[in-house]
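By convention here, the first residue in the shown sequence is residue 1. Atom set for the values below is all heavy atoms of this structure, side chains included, hydrogens, waters and symmetry mates excluded.
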Amino acid sequence: MRKFSKELYSKEVLMKAAFSFTDIMYIHLDTNEQEYLVTLIAKDNVSGDDIYLKFENELIAQQTRLIVAEKTKNIREMIVARSLSSTIINISPIDDEETDDFKADDILIDWFEKNE
């Protein structure tokens, strides 16, 4: 069993790291006031120290991903908003006269190409 500080790693990070190892390890998670208690048992013949070292590296990778996601959240939201805003169709005012004379060529053109 190894102990990992709750101060360094969030519960979400611990769960993501544990999940990424479920195919090669049996994992038991527990907590006390200051630490996560992690027990790893390899499904194949892998040494005990080796699996904990790999798990520690995965914890660091998941924590780094979380930090980067938090720091880049605003820019990612702006990129998504910008990309979605370019798909808004600009509808011009409707003429009072209704026309029923549509041509198939006009209907089959992609509206992106039609507005250029």
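You'll find the side chain of Glu56 reaches within 4.5 Å of the side chain of Arg2, heavy atoms only. Within the 4.5 Å cutoff, no side-chain heavy atoms of Arg76 are placed close to those of Val80. Between Leu37 and Asn32, some side-chain heavy-atom pair lies under the 4.5 Å cut-off. Looking at heavy atoms from C-beta onward, Ile67 lies in side-chain contact with Gln63 at the 4.5 angstrom threshold. For the pair Asn57/Tyr52, no side-chain contact is recorded, criterion being any heavy-atom separation below 4.5 Å from C-beta on.
The CD atom of Glu58 sits 13.5 Å away from atom CG of Leu53, with the distance rounded to the nearest 0.5 Å. Atom OH of Tyr36 is separated from atom NZ of Lys6 by 6.0 Å, given to the nearest 0.5 angstrom. Atoms CE and OG, from Met15 and Ser10 in turn, are 11.0 Å apart once rounded to the nearest 0.5 Å. Taking CG of Leu66 as the start and NZ of Lys16 as the end, the distance is 7.0 Å to the nearest 0.5 Å. In this structure, the separation between CG on Asn74 and CD1 on Ile79 is 11.0 Å, given to the nearest 0.5 Å. Here the CD1 atom belonging to Ile51 is positioned 12.0 Å from the OH atom belonging to Tyr26, to the nearest 0.5 angstrom.
In the hydrophobic cluster analysis, where Ile, Leu, Val, Met, Phe, Trp and Tyr join through side-chain heavy atoms closer than 4.5 angstrom, Ile24 is grouped apart from Ile41. Leu59 and Phe19 fall into different hydrophobic clusters, where Ile, Leu, Val, Met, Phe, Trp and Tyr are joined by side-chain heavy atoms under 4.5 Å apart, directly or via other members.
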Residues Phe55, Leu14; criterion side chain to side chain contact (heavy atoms under 4.5 Å, CB included); working and verdict: CA-CA 10 Å; Phe55 187 79; Leu14 180 77; 4.1 Å; yes
Audit row: Ile27, Thr39, side chain to side chain contact (heavy atoms under 4.5 Å, CB included) steps and yes/no: CA-CA 6 Å; Ile27 302 168; Thr39 305; over 6 Å; no
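Scanning all heavy atoms of the two residues, the minimum distance from Thr72 to Val68 falls at OG1-O, 2.7 Å.
Around atom NZ of Lys11, no more than 12 heavy atoms belonging to other residues, nucleotides or ligands sit under 6.0 Å away. Annotation: Glu7, atom CD; neighbour count of heavy atoms from other residues, nucleotides and ligands within 6.0 Å does not exceed 12.
By the 30° and 60° cut-offs, the orientation of the rings of Phe4 relative to Tyr9 is perpendicular.
Each of Lys54, Met25, Met1 was evaluated against Leu40; a single residue qualifies, Met25, per the side chain to side chain contact (heavy atoms under 4.5 Å, CB included) test.
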